[in-house]
Amino acid sequence: MSAFVMDTGWRVWHPCPAKPEFQVPPGAVDAHCHVFGPGDVFPYAPGRKYTPCDGSKEQLWRLRDHLGFTRNVIVQATCHGADNRALLDAIAHSHGRARGVATVKRDVGDEELRRLHDGGVRGVRFNFVKRLVDRLDPDELSEIAARIASLGWHVVIYFEAAELEELADFFLGLPAPLVVDHMGTPDVEQGADSPLFDRFMAFMAAREDIWCKVTCPERLSEEGPPFYSDVIPFGRRVVEAFPDRVLWGTDWPHPNMKTHTPDEGQLVDFIPKIAPTAELQRNLLVDNPMRLYWPEETAQ
Ligand code: 0GY
């Protein structure tokens with residue numbers, strides 16, 4: 001029996017998601033997903049704020065194939081802390097079809113950073129979501145950002161919309177490209193043309209190397225499945241304004257989902273609603289993530 005028992009109230013990921021109606025273009029990348037454990041092999045971090053259900057690399061590959069995707073970008077979740085072993089193991093067994101975003105601490109050595117790079121890591125994640133992490137030291141983060149920038153990596157930032165006003169200057173001062181998780185977690189009740197979302201769009205416009213994941217309708221929506229219609233205007237606005245800087249991902253296995261069990265087939269069918277043309281879909285699913293995570297394969 002596993003030494004880890006998942007938190008109550010959690011939804012285990014969908015055992016048999018629908019086949020999406022939307023066919024993703026060849027070479028599509030799921031640019032935001034996780035692997036969790038399995039806890040018996042890759043233990044969850046002692047200081048974690050939640051204990052997930054296991055979500056193994058084999059299960060992730062099965063989902064990738066079912067949805068018609070080719071590659072994955074696996075993002076380190078807080079339940080594994082700065083122990084990137086599960087992430088590296090998944091990438092090592094992906095036959096070159098996965099890359100990753102790690103979590104590191106200030107004391108990470110150059111050799112370790114090189115090992116992560118060789119293992120397929122191309123970014124670090126700074127998480128500011130209060131229910132997930134204790135407050136991080138900005139000096140430590142700036143120091144890490146400066147070191148990883150020299151490897152050609154970027155910083156993935158996850159924050160709550162209301163915090164952007166306070167955090168924006170800090171983010172804009174970081175010396176590495178930025179990738180924002182989940183459209184900066186907008187409050188959908190305020191609308192895609194609200195001052196809150198205008199502020200996010202202004203943040204995106206402030207530098208040309210800020211990217212956005214137009215992800216997580218399942219987390220953001222008040223309306224819920226199957227269409228998540230209230231999130232469409234947000235995704236559409238970002239995709240139309242920044243077609244060359246958007247990414248999409250499933251967020252499998254959907255940590256901390258309590259309202260419903262997302263069906264990834266339905267999530268894939270959300271894509272053409274926010275990226276209605278073949279060109280936008282190709283940017284979002286192939287060209288952009290390839291440029292960011294597999295640049296050596298796309299260099300002219
Ligand atoms: C996500 C979402 C969440 C969790 C984490 O690092 C994490 O623990 O990413 C969340 O609970 O919102 O997939 O980015």
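Whatever order the structure lists ligands and atoms in, that order sets their numbers, starting from 1. Basis for what follows: all heavy atoms, side chains included, without hydrogens, waters or symmetry-related copies. Numbers here are sequence positions counted from 1.
- Looking at residues two or more places apart in sequence or on another chain, you find no salt bridge (Lys or Arg N to Asp or Glu O under 4.0 Å) involving D169.
- Salt bridge present: D83 and R85 bring a charged side-chain N and a carboxylate O closer than 4.0 Å.
- Here T78 has heavy atoms under 4.0 Å from ligand 1 in both its backbone and its side chain.
- The nearest heavy-atom contact from the protein to atom 13 (O) of ligand 1 is D251 OD1, 2.3 Å.
- Taking the charged nitrogens against the carboxylate oxygens, R236 and E240 do have a contact shorter than 4.0 Å, which makes a salt bridge.
- In V75, neither the side chain nor the backbone holds a heavy atom less than 4.0 Å from any atom of ligand 1.
- Remark: ligand 1 and D181 share no N or O pair separated by less than 3.5 Å (distance only, no angle test).
- At a threshold of 4.0 Å, the pair R291-D244 does not count as salt-bridged, since none of the basic side-chain nitrogens sits closer than that to a carboxylate oxygen.
- For a threshold of 3.5 Å applied to N or O pairs, the pair formed by Q76 and ligand 1 contains no separation below that value.
- Using a 4.0 Å cutoff on heavy atoms, H182 counts as a contact of ligand 1.
- Ring centroids of F234 and F197 are separated by less than 6.0 Å, placing the two rings close together.
- Between F203 and F159, the ring planes lie perpendicular to each other; the angle is over 60°, past the 30° to 60° tilted range.
- In H32, the part holding a heavy atom less than 4.0 Å from any atom of ligand 1 is the side chain.
- Residue contacts with ligand 1: R125 is included, with a non-hydrogen atom under 4.0 Å away.
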